[in-house]
Protein chains: 2
Amino acid sequence: MAKAQFDREEIIDKAIDLFWSRGFSGASMQLVVAVTGLKPGSLYYSFGNKEALFKQALERYAQKGLSRIRKTLESAPSVGEGICRHLDQFVEEAGHNDFKSCFLVKTQLELAGEGNELYAHAVRKLAEIESLFQTFLEREYDAELSCSRAASIMLHSFGLRVYGYQRLPEERMRLALRQGLPWLPWDQHDMQKKE
Amino acid sequence: MAKAQFDREEIIDKAIDLFWSRGFSGASMQLVVAVTGLKPGSLYYSFGNKEALFKQALERYAQKGLSRIRKTLESAPSVGEGICRHLDQFVEEAGHNDFKSCFLVKTQLELAGEGNELYAHAVRKLAEIESLFQTFLEREYDAELSCSRAASIMLHSFGLRVYGYQRLPEERMRLALRQGLPWLPWDQHDMQKKE
DNA sequence: TAATATTTTGAATGATTGTTCAAGTTCTGG
DNA sequence: CCAGAACTTGAACAATCATTCAAAATATTA
């Protein structure tokens with residue numbers, strides 16, 4: 001049984017990059033061929049078809065994102081500060097000139113309707129992220145408050161992912177975050193950053 | 001000089017529907033032909049090409065949206081209540097089962113990068129909406145506060161447009177709005193709704 | 001109504017789409 | 001070192017893509 005001659009995860013990472021920036025319809029398989037260096041036959045042999053490859057890309061992207069958030073929250077001195085750090089990362093990323101929003105959000109918006117499976121997958125992953133926040137919040141607040149605050153965080157995260165596309169000064173976004181999430185310990189967070 | 005035999009705005013409205021739900025890449029010109037009932041030749045004769053038609057659809061959608069917001073804000077007893085009503089409309093729309101998010105937001109996310117003109121157009125229109133909010137807010141707050149609150153409203157609007165795709169109970173969204181925009185007169189708004 | 005300007009038609013264009021497959025290559029277990 | 005399984009190759013497929021255009025139809029002006 002001969003083994004594949006390429007690194008599967010490396011290929012999927014390249015697919016993530018492509019699908020993330022151009023979307024499902026906007027990224028042709030010929031582009032995938034060009035970007036990965038694999039021939040069409042190998043691609044289909046190893047990954048099935050476009051939809052299956054896209055799904056694997058989504059899956060890996062979501063997994064990376066989830067574990068990154070979990071790490072940020074766990075390594076912070078408090079849940080509140082962890083969330084501050086996480087949102088600050090968003091703002092910073094939005095400042096980069098190759099800002100690509102969020103793969104899950106883009107997929108959700110592009111493929112909604114007609115019972116698309118990829119859309120459902122993206123929605124599921126985003127819901128997982130929300131419940132991750134909720135779980136952490138419940139360490140400090142009751143269930144009800146945790147629920148509405150987790151929802152508020154998601155609202156702001158989505159907003160940032162869209163808002164960031166407008167190349168606004170990061171300061172504007174930071175101000176808006178402090179406006180909308182006044183219960184977070186921004187002062188402690190800002191002080192720690194200066195040190 | 002013979003006049004066109006169709007209603008231009010009617011055609012553009014149909015194009016808006018199609019492009020809005022399927023995006024630029026996802027909506028083929030053959031679909032536009034099917035939806036509008038015009039033959040390819042007529043379409044190209046009257047509207048130029050796909051990009052030009054899309055742009056006209058964007059333009060009309062944005063114009064309608066802007067004037068709707070302006071009307072909502074002007075007819076309300078106060079700026080704050082006007083904004084409450086506007087956001088409430090968003091939540092309500094998100095509950096509809098043919099929810100399509102926002103055409104401008106979807107376009108921005110789909111076509112970003114490579115200096116796309118349609119992307120730039122969408123961004124411009126969204127910035128117009130933000131400055132409309134800011135103008136109204138300046139009736140009650142100073143320039144700086146109006147700026148950051150307008151930004152916060154946009155953040156929430158974008159968030160709602162994305163969040164709404166998850167078919168969550170509307171109540172969850174309403175709670176999150178009250179969490180994130182506590183300076184708005186929600187109590188007055190909710191009371192008026194019950195009457 | 002004749003002459004002219006405008007609009008409609010729809011088959012056809014060449015490019016690009018996602019995908020296939022028979023033939024060839026490479027690897028592995030015995 | 002050989003047999004057979006696993007993988008690669010890349011030309012080719014039918015379908016669909018955005019767009020064109022000469023000819024026909026229709027409206028307007030004179």
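The aromatic ring centres of B:His156 and B:Phe90 sit 6.0 Å or more apart.
A salt bridge is absent between A:Arg70 and A:Glu74; no separation between the charged side-chain nitrogens and carboxylate oxygens falls under 4.0 Å.
Put simply, NZ on A:Lys50 is 8 Å from P on C:dT19, counting in whole angstrom units. Note: CD (B:Glu51) to P (D:dC17) measures 18 Å, nearest angstrom. The interatomic distance linking A:Leu38 (CG) with D:dC7 (P) rounds to 13 Å, in whole Å. Atom pair B:Arg8:CZ and C:dT8:P shows a separation of 11 Å (rounding to whole Å applied). For the pair A:Leu43 CG and D:dG10 P, the interatomic distance rounds to 14 Å; values are reported in whole Å.
When each of C:dG10, D:dG10, D:dC7 is scored by its nearest atom to the side-chain atoms of A:Tyr45, the top-ranked nucleotide is D:dC7.
Note on A:Lys39: every side-chain N or O is 4.0 Å or more away from OP1 and OP2 of D:dT8.
Relative orientation of the A:Phe103 and A:Tyr61 rings is perpendicular, given thresholds of 30° and 60° on the angle between their planes. Aromatic ring orientation, A:Phe158 versus B:Tyr163: tilted (interplanar angle from 30° to 60°).
In the hydrophobic clustering of this structure, A:Ile16 groups with A:Met29; members are Ile, Leu, Val, Met, Phe, Trp, Tyr whose side-chain heavy atoms approach within less than 4.5 Å, directly or through other members.
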Would you tabulate the pairs of protein nitrogen or oxygen atoms and nucleotide nitrogen or oxygen atoms of nucleotides 20-24 of chain C closer than 3.5 angstrom?
none

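B:Leu177 contributes atom CG, which lies 11.5 Å from atom CD of B:Glu170 (distance to the nearest 0.5 angstrom).
The stretch residues 119-130 of chain A participates, sequence neighbours left out, in these salt bridge (Lys or Arg N to Asp or Glu O under 4.0 Å) pairs: A:Glu59-A:Lys125, A:Lys125-A:Glu128, A:Glu130-B:Arg172.
In this structure a side-chain-to-backbone donor-acceptor pair under 3.5 Å is present from B:Gln108 to A:Val162.
Residues from residues 20-30 of chain B placing a heavy atom under 4.0 Å of any atom in DNA chain D, listed by number, are B:Ala27, B:Ser28, B:Met29, B:Gln30.
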